[in-house]
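Notes follow once the structure below has been shown.
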Amino acid sequence: MAERKRRMHLGMFLQGAGHHMAGWRYPDADSGGENLPHLLRLAVAAERAKFDMVFLADGLTSSEDGHPSQIARFEPLMVLATFATATKHIGLAATASTTYGEPFHLARAFASLDHLSGGRAAWNAVTTSYSSTGANFGVQHPAHADRYAIAEEFIDVVRGLWDSWDDGAFPKDKASGVYADQSKRHVLDHKGAYFSVKGPLNVSRPPQGHPIIVQSGSSEPGQTLAARTGDVVFTAHQTLDSAQAFYRQLKGRLAAFGRQPHELAIMPGFLPVLGGTEKEARDKLALLDSWTDQSKVLPMLSDRLGHDISGYDLDGPLPELPVSEQIQSRAKLLTDAARREGLTLRQLAQMVATGRGHYVMCGTPEQIADRMEEWFNGYGADGFNVMPPYFPGGLDDFAAGVIPILQKRGLFRTDYEGETLRDHFGLARPKSRYAHG
Ligand SMILES: Cc1cc2nc3c(=O)[nH]c(=O)nc-3n(C[C@H](O)[C@H](O)[C@H](O)COP(=O)(O)O)c2cc1C
């Protein structure tokens, strides 16, 4: 597909209890990853604001020190199935693991969601960073490099299964008695290092051909996987310099896989904290920070760093730690921030409690729109994953304040122009591997 005028893409990253660890305590905040009316209301609000997609993250553990949004939450694809019937345009993205799961199940679930939603499904393919997950599956958590090797093959199998049936494979022709046209059925017959999957899939080809694939690992192997298989990349950066370096590096990797830069959208996440004045916004953030449960912040930081830091002086600097096997890119981001800004462990832990290492934009709607424009025009981002600190107010304020400014500047759509999530991203429908010509 030819490159069209570059337009900002926006994802609404939905966490039931908000992104700030204390967001659920904000006056008027509603919360709950199991509160369906709340979740539905947010999906509908995001569609009204013309977001490209709504995204539900996921994990396969529940930790006593976990973020309130992550302790208990519904399985995300089930929630997205309800969103599919409550909305018409917005893309529906969910995380599913390539380390803990089977490609057949996953290909089937996302193909089903793509059909249910008329071509709006996206899969955030994650390798699952947290080693404690292994205990829920009776296995040892694989090493970082192995997780990515598994992910490479997993995604290939899923994409192969999505091509199991050509378009129009089910004529249901009463006159001839042909329900399924077997000449349009393909058996994958995959035998690899990690998976053996015969196929075909028992769901017809998804409306998007392949649902959108999101990648959210930013390590070296994460970037390689994204360059080969990703349509969208989620990432976290604290500075424009870091976002630009990542953007250049990742886009530069695409050519090796025969791909064009515009075929992959890079979307860093950020927390918008809005106020009528910058001071009002900063006061709001200070209030949220003051409500943070301090007993939880160190374990959360330890999780992100991949090292237990409970024995260290909270008012001292971050100690020198070896590279973690867990979340490589996030551990690096936090370490860089601590060194760059001279943060104490306590301050670094608060940064994780506030936005888990994502950039916090504090200010008036105008100031936030300016910053977004700077990152977008400066090629640090093709768009953003918007992470409201609390719901629904944090989303409603962003939709009412920031989006109209972006629209007025011609940076963001005023209405949906296509049907599918691929249309929203300007991405072509992939040809089946069995297509001729
Ligand atoms: C916006 C965003 C959303 C993410 N969502 C999830 C998620 O839902 N589940 C998960 O296990 N990991 C999630 N991750 C983490 C990544 O998948 C990945 O494990 C992490 O960034 C470390 O990858 P790396 O080791 O390649 O740096 C997310 C990351 C980002 C930036």
Side-chain angles (χ1 to χ4, degrees), residues 8-26 28-29 31 42 45-46 49 51 53-57 67-70 216 218 234-240 242-243 267-276 278-293 296-297 300-301 304 329-330 333-334 337 341 343 347-376 380-381 383-403 405-406:
M8 196 182 278
H9 299 292
L10 294 181
M12 202 280 277
F13 187 166
L14 201 177
Q15 295 249 66
H19 282 275
H20 193 293
M21 205 169 164
W24 61 277
R25 297 180 68 179
Y26 199 75
D28 298 334
S31 61
L42 298 173
F51 276 84
M53 58 186 177
V54 52
F55 163 56
L56 291 172
H67 189 293
S69 290
Q70 300 173 355
S216 53
S218 295
F234 291 165
T235 183
H237 296 278
Q238 283 288 328
T239 65
L240 175 55
S242 153
M267 300 171 67
F270 78 92
L271 265 83
V273 183
L274 283 152
E278 187 174 338
K279 178 169 183 322
E280 215 177 282
R282 296 218 171 271
D283 289 348
K284 186 189 282 186
L285 180 60
L287 194 62
L288 283 164
D289 285 353
S290 75
W291 288 328
T292 304
D293 179 347
K296 304 267 195 279
V297 299
M300 266 185 79
L301 177 58
R304 263 54 188 194
S329 53
R330 199 64 61 87
L333 176 149
L334 294 168
E341 294 169 32
L343 302 178
Q347 290 167 321
L348 191 63
Q350 183 59 54
M351 187 174 164
V352 171
T354 301
R356 304 190 305 288
H358 283 272
Y359 184 43
V360 178
M361 287 193 201
C362 228
T364 63
E366 198 81 32
Q367 285 174 319
I368 289 182
D370 287 350
R371 202 88 46 84
M372 292 172 76
E373 183 169 3
E374 186 191 7
W375 281 47
F376 178 72
F384 301 90
N385 232 345
V386 180
M387 305 166 58
Y390 54 90
F391 289 108
L395 169 62
D396 292 342
D397 291 349
F398 184 87
V402 181
I403 289 195
I405 301 174
L406 299 173

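Checked by atom type, the side-chain pair Thr292/Gln350 shows a donor-acceptor distance below 3.5 Å. With 3.5 Å as the limit, one finds no donor-acceptor pair spanning the side chains of Arg25 and Tyr390. Side chain to side chain, Asp289 and His20 meet the donor-acceptor criterion of an N or O pair below 3.5 Å. There is no side-chain donor-acceptor pair under 3.5 Å between Thr239 and His237.
You'll find the side chain of Leu334 reaches within 4.5 Å of the side chain of Leu301, heavy atoms only. Contact of the Ser216 side chain with the Thr235 side chain is not registered, since no non-hydrogen atoms from C-beta on lie closer than 4.5 Å. The shortest distance between side-chain heavy atoms of Pro272 and Val402 does not fall below 4.5 Å. Residues Leu42 and Leu395 meet the side-chain proximity criterion, which asks for heavy atoms closer than 4.5 Å. With contacts defined as side-chain heavy-atom distances shorter than 4.5 Å, the pair His9/Met53 does not qualify.
Side chain of Ser69 to main chain of Gly18: a donor-acceptor pair is present (N/O by atom type, distance under 3.5 Å, no hydrogens or angles). Not one N or O on the side chain of Lys284 forms a donor-acceptor pair closer than 3.5 Å with the backbone of Val273. With hydrogens and angles ignored, the 3.5 Å screen pairs no side-chain donor or acceptor of His358 with any backbone N or O of Leu271.
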Give the C-alpha distance, both sets of side-chain angles, the deciding distance and a yes or no for salt bridge (charged side-chain N to carboxylate O under 4.0 Å, His left out) between Arg282 and Glu278. CA-CA 6 Å; Arg282 296 218 171 271; Glu278 187 174 338; 3.3 Å; yes
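Atom CG of Asp370 sits about 7.0 Å away from atom CD of Glu373, to the nearest 0.5 Å. To the nearest 0.5 angstrom, Ile405 atom CD1 is 4.5 Å from Glu366 atom CD. Rounded to the nearest 0.5 Å, atoms CD1 (Ile368) and CG (Leu274) are 4.0 Å apart. Atom CG of residue Leu10 and atom CG of residue Leu406 lie 6.5 Å apart, to the nearest 0.5 angstrom. Remark: Leu14 CG to Leu56 CG distance equals 5.5 Å, nearest 0.5 Å.
Phe13 and Phe55 have tilted rings, their planes meeting at an angle from 30° to 60° on a 0 to 90° scale.
When ring centroids are compared, Phe384 and Phe376 stay outside the 6.0 Å threshold. Taking the six-membered ring where the residue is Trp, the centroids of Trp375 and Tyr359 are separated by under 6.0 Å.
When all heavy atoms of Arg330 and Arg356 are compared, the pair lying nearest together is NH1-O, 2.7 Å.
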